[in-house]
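Structure in structure tokens, see below.
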Amino acid sequence: MAIEDILKALDEQAQADCDAVITEAKEHAKLILDDAERNAEKIHDGFARQLERVARADAAKVVNAARLEAKMEVSSAKGDGVASVFDAAAGKLESVRSGDYDRLFDALATEAIAGLDGDLVIRVADSDVDRAKRVAEAKGITAEVAGGLSTSGGIVVEAYGGRVIRRNTLEDRLERVSQMAQADVAKVLFS
């Protein structure tokens, strides 16, 4: 009976050792699975945050592009509006001659000639040749007056052999005002 008891005891001891190893292995496996699940959740959360950042960046790009396009459309519309106002004004320049044009011409010529000396060349529209001659005579300057300038009114003066040219026509003045208005519109749009 002793051998049978010993074998039985050994068998029970072996079974207990196997159960302990299996229990320990299951606990160890559970710890590994729990750790793997935590790591997987961290990795998943990291990717989710990264995807969210990418999505927000993409959304911001789309929004910024839409805002820029809207600003460009508004800018274009305002620019077109300003241009149409100046185009309409340019179309009405011819009507300036029907008013007190002699006084306006004298003022434009005086401004263009101011501070210049020596022989001058004055270029005007054919209808302003006599006016230009009268202004030159009244100012006591020597000037060659030439017609043929395509303008609604005003004067172009050349001095010092053509090195100095002063343009004081209605179209030139309107263009300068237009450029200033364009700059003002740009300030309003982009500030």
Side-chain angles (χ1 to χ4, degrees), residues 52-191:
E52 186 177 335
R53 282 192 302 269
V54 168
R56 283 186 184 167
D58 287 347
K61 286 179 186 175
V62 169
V63 168
N64 287 338
R67 284 181 182 157
L68 179 61
E69 185 176 338
K71 279 187 177 183
M72 289 173 57
E73 286 180 21
V74 167
S75 172
S76 176
K78 287 183 178 182
D80 290 348
V82 170
S84 69
V85 166
F86 283 99
D87 288 345
K92 294 181 180 183
L93 286 179
E94 283 294 326
S95 66
V96 170
R97 288 182 180 276
S98 64
D100 192 9
Y101 180 67
D102 285 335
R103 202 170 88 206
L104 174 62
F105 183 86
D106 287 348
L108 292 171
T110 299
E111 191 176 283
I113 294 170
L116 297 178
D117 57 14
D119 291 334
L120 303 178
V121 176
I122 296 175
R123 301 193 187 284
V124 293
D126 291 336
S127 58
D128 290 335
V129 170
D130 290 337
R131 284 183 186 94
K133 287 179 181 178
R134 280 195 307 270
V135 168
E137 188 177 311
K139 300 289 180 196
I141 59 172
T142 304
E144 172 192 334
V145 177
L149 184 65
S150 178
T151 182
S152 296
I155 185 170
V156 174
V157 178
E158 295 177 19
Y160 311 111
R163 290 182 304 211
V164 174
I165 299 175
R166 291 190 181 162
R167 299 187 57 82
N168 208 10
T169 66
L170 297 177
E171 292 85 0
D172 291 323
R173 292 180 77 94
L174 184 62
E175 177 64 26
R176 286 191 291 269
V177 170
S178 171
Q179 289 172 357
M180 287 188 293
Q182 298 274 345
D184 290 342
V185 168
K187 283 180 192 174
V188 169
L189 291 177
F190 299 110
S191 50

Fill in the blank from the handout: For Leu120 and Ala159, the nearest pair of non-hydrogen atoms, with its separation, is CD2-CB, 3.5 Å
Atom pairs and distances, donor-acceptor, side-chain atoms in residues 128-138, under 3.5 Å, two or more places apart:
from	atom 1	to	atom 2	distance (Å)
Asp128	OD1	Arg97	NH1	2.9
Asp128	OD1	Arg131	NH1	2.8
Asp128	OD2	Arg97	NH2	2.9
Asp128	OD2	Tyr101	OH	2.7
Arg131	NE	Asp102	OD1	2.5
Arg131	NH1	Ser127	O	3.1
Arg131	NH2	Asp102	OD1	3.4

Handout entry: Nearest-0.5 Å distance that lies between atom CG in Leu170 and atom CD in Glu175
Key = 13.5 Å
Completion exercise
Note: Ala112 and Ile155 closest approach over all heavy atoms is CB-CG2, 3.9 Å
Practice task
Check whether any side-chain heavy atom of Asp172 sits under 4.5 Å from a side-chain heavy atom of Thr151, and report yes or no.
Solution key: no
Practice task
Can you sort out the partners of Arg173 under side-chain hydrogen bond (donor to acceptor under 3.5 Å, both in side chains), two or more places apart, ordered by chain and number?
Solution key: Glu111, Asn168
Completion exercise
Distance col, row Thr169:OG1 vs Leu149:CG, nearest 0.5 angstrom, shows 7.0 Å
Practice task
Go through the structure and list residues passing side-chain hydrogen bond (donor to acceptor under 3.5 Å, both in side chains) with Arg103, not counting sequence neighbours.
Solution key: Asp100
Problem - Any residue meeting salt bridge (Lys or Arg N to Asp or Glu O under 4.0 Å) with Arg56, in chain and number order, not counting sequence neighbours - result: Glu52
Exercise for the section: Mind jotting down which residue pairs meet the salt bridge (Lys or Arg N to Asp or Glu O under 4.0 Å) criterion with at least one end in residues 147-160? Sequence neighbours excluded, please. Expected result: Arg123-Glu158
Exercise for the section: Check side-chain hydrogen bond (donor to acceptor under 3.5 Å, both in side chains) between Glu69 and all other residues, then give those that pass, not counting sequence neighbours. Expected result: none
Problem - Distance, nearest 0.5 Å, that separates NZ of Lys139 from CG of Asp106 - result: 7.5 Å
Handout entry: Asp58: side-chain hydrogen bond (donor to acceptor under 3.5 Å, both in side chains) partners, not counting sequence neighbours
Key = none
Exercise for the section: Would you please name every residue forming a salt bridge (Lys or Arg N to Asp or Glu O under 4.0 Å) with Asp119, sequence neighbours left out? Expected result: none
Completion exercise
All heavy atoms of Ile122 vs all of Ala143, minimum pair found to be CD1-CB, 3.7 Å
